[in-house]
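One structure is given here, and the rest of the page talks about it.
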Number of protein chains: 2
Amino acid sequence: MAVTKTVERTEAAPEYISIREAAERTGLTQRTLRYYEELGLLKPPARVSGGQRLYSPEDIARIKQVRRLKELLNFSLDEIKTVVDAEEAKQHLRADVKAERSLKRKLKQMREAAEITAHQLAMVEEKIAQMQAMKKELARDLAGFNERIQQVQQEIEGRGE
Amino acid sequence: MAVTKTVERTEAAPEYISIREAAERTGLTQRTLRYYEELGLLKPPARVSGGQRLYSPEDIARIKQVRRLKELLNFSLDEIKTVVDAEEAKQHLRADVKAERSLKRKLKQMREAAEITAHQLAMVEEKIAQMQAMKKELARDLAGFNERIQQVQQEIEGRGE
DNA sequence: CCACGCCTTAACGCTTACGTCAACGTCAGA
DNA sequence: TCTGACGTTGACGTAAGCGTTAAGGCGTGG
């Protein structure tokens with residue numbers, strides 16, 4: 001019985017925003033938001049009775065996370081999908097924990113979730129290391145330039161040109 | 001009088017390598033190397049008399065830099081082109097410095113080069129900062145998971161299940 | 001009540017960044 | 001000298017990631 005979530009539009013929920021606002025706040029376009037939803041990267045947001053999307057703060061947070069995965073870590077949308085699917089699993093297991101079922105099962109699932117998170121963490125750390133190496137190189141270049149600038153400047157002054 | 005650079009192929013320069021090796025060492029494909037060259041991201045390498053490309057160690061270094069710009073900083077090839085064009089300018093000015101001309105001119109050019117480098121450095125630093133924020137978030141998540149795992153484990157032991 | 005603005009889905013278009021032939025030269029070894 | 005591996009330049013193909021347009025629904029202010 002697929003119940004379509006709706007929200008009172010009688011100013012009840014001020015934190016719910018239109019796709020326009022969502023796009024502005026996340027730096028993506030409306031088209032991109034719909035596209036990501038279509039791909040399953042974003043779970044379908046709430047709708048008003050008229051059918052228009054209403055994004056919750058959690059939705060916004062998730063959108064920002066997807067964007068970070070893409071822009072910072074350079075993940076493809078496919079890769080992001082596997083990540084968010086994993087996060088879905090996390091949510092489910094949290095619900096499970098609250099619903100109280102087999103503890104061993106939960107333990108296994110939580111370990112998987114932790115492993116995924118650890119993996120992502122490792123990737124981020126690796127990228128940071130690479131970028132710090134790049135930073136060093138650039139800093140060295142810059143120092144070299146500044147040194148030469150000093151030299152040339154002294155030459156000019158010495159000459160009194 | 002466009003003189004085509006050539007290199008003795010009588011084993012004279014062991015540091016010069018074929019496009020195959022260049023691709024292997026840089027992690028790009030041969031096609032990509034030719035494509036980048038076509039776009040002006042790489043300066044045309046030396047050739048043997050037969051027309052085959054020979055990459056110098058400097059060429060290889062440049063290729064790796066282009067790759068870093070793409071993969072680490074997520075630059076488009078267009079953006080990379082502006083960067084390498086700027087670096088071209090640096091090289092030219094270095095040649096100028098050796099050729100000894102107007103010192104003031106050189107000074108101005110060197111300042112520009114330094115500015116460009118500083119700009120790139122700033123971008124790298126910003127990305128590092130963003131990624132460290134992301135790292136913190138992930139670390140926090142992971143800690144939360146591990147904590148919960150401990151809890152569940154104790155529950156299991158306490159029960160003697 | 002109707003015009004205007006914002007939303008919807010569906011479909012096609014387009015750019016980037018290469019992959020993949022095809023057709024042909026080159027070079028080293030048997 | 002022939003053969004087979006490797007290289008060359010086009011030219012066309014293609015997947016990802018959206019942009020853009022079409023055709024229409026909803027609701028709100030004048």
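Sequence lines set the chain letters: A, B, ... in the order given, protein chains first and strands last, and positions in each chain run from 1. Computed from a prediction, not measured in an experiment: that's the story for all the values here.
The pair A:Lys106-B:Glu155 does not meet the salt-bridge criterion, since no charged nitrogen lies less than 4.0 angstrom from a carboxylate oxygen. Between A:Lys108 and A:Glu115 there is no salt bridge, since none of the side-chain N atoms of the basic residue sits less than 4.0 Å from a carboxylate O of the acidic one.
Contact between A:Leu77 and A:Leu41 at its shortest, heavy atoms only, is O-CD2, 3.6 Å. Residues A:Phe145 and B:Thr117 share a closest heavy-atom pair of CE1-OG1, 3.5 Å. When all heavy atoms of A:Gln132 and B:Ile128 are compared, the closest pair comes out as CG-CD1, 3.8 Å. Of all non-hydrogen atoms in B:Val84 and B:Gly40, the two that sit nearest each other are CG2-O, 4.1 Å. Annotation for A:Leu142 and B:Ala114: closest pair CD1-O, 3.3 Å, computed over non-hydrogen atoms. Here the closest non-hydrogen pair linking B:Ala22 and B:Ile60 is CB-CD1, 3.8 Å.
Atom-to-atom, CD1 of A:Ile80 to P of D:dG17 comes out at 8 Å; the value is rounded to the nearest Å. Rounded to whole angstrom, the span from the CD atom of B:Glu38 across to the P atom of C:dC18 amounts to 12 Å. Between B:Glu37 atom CD and D:dT8 atom C1' there is a gap of 11 Å when expressed in whole angstrom units. Summarising the geometry, the separation between CD on B:Gln30 and P on D:dT8 is reported as 7 Å, rounded to the nearest angstrom. To the nearest angstrom, P of C:dC27 lies 11 Å from CG of B:Leu54. Following rounding to the nearest Å, B:Leu39 (CG) and C:dC18 (P) show an atom-to-atom distance of 9 Å. Protein atom CG of A:Leu41 is 11 Å distant from nucleotide atom C1' of D:dG17, rounded to whole Å. Distance CG (A:Leu77) to P (D:dA15): 16 Å, rounded to an integer number of Å.
Using a 4.0 Å cutoff on non-hydrogen atoms, no part of residues 60-72 of chain B comes near DNA chain D.
Between A:Gln52 and C:dC6, a side-chain N or O to OP1/OP2 separation shorter than 4.0 Å is absent. Close to C:dG19, at under 4.0 Å from its OP1 or OP2, lies a side-chain N or O of B:Thr29. Phosphate contact (OP1/OP2 of D:dG19, side-chain N/O of A:Thr32, threshold under 4.0 Å): present.
Hydrophobic clustering of Ile, Leu, Val, Met, Phe, Trp and Tyr side chains at less than 4.5 Å, counting indirect connections, keeps A:Ile116 apart from A:Leu121.
Between A:Tyr36 and B:Arg20, it is B:Arg20 whose nearest contact on DNA chain D lies nearer the 5' terminus. With DNA chain C read from its 5' end, the first of the two nearest nucleotides for A:Ser18 and B:Asp78 is the one closest to A:Ser18.
Distance check: B:Glu38 CD to B:Arg31 CZ gives 6.5 Å after rounding to the nearest 0.5 Å.
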When you compare the protein's N or O atoms with those of nucleotides 1-4 of chain C, which come within less than 3.5 Å of each other, and at what distance?
none

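Distance from the side chain of A:Arg31 is smallest to C:dA11 among C:dA11, C:dG19, C:dC27.
Heavy atoms of B:Arg34 sit under 4.0 angstrom from at least one base atom.
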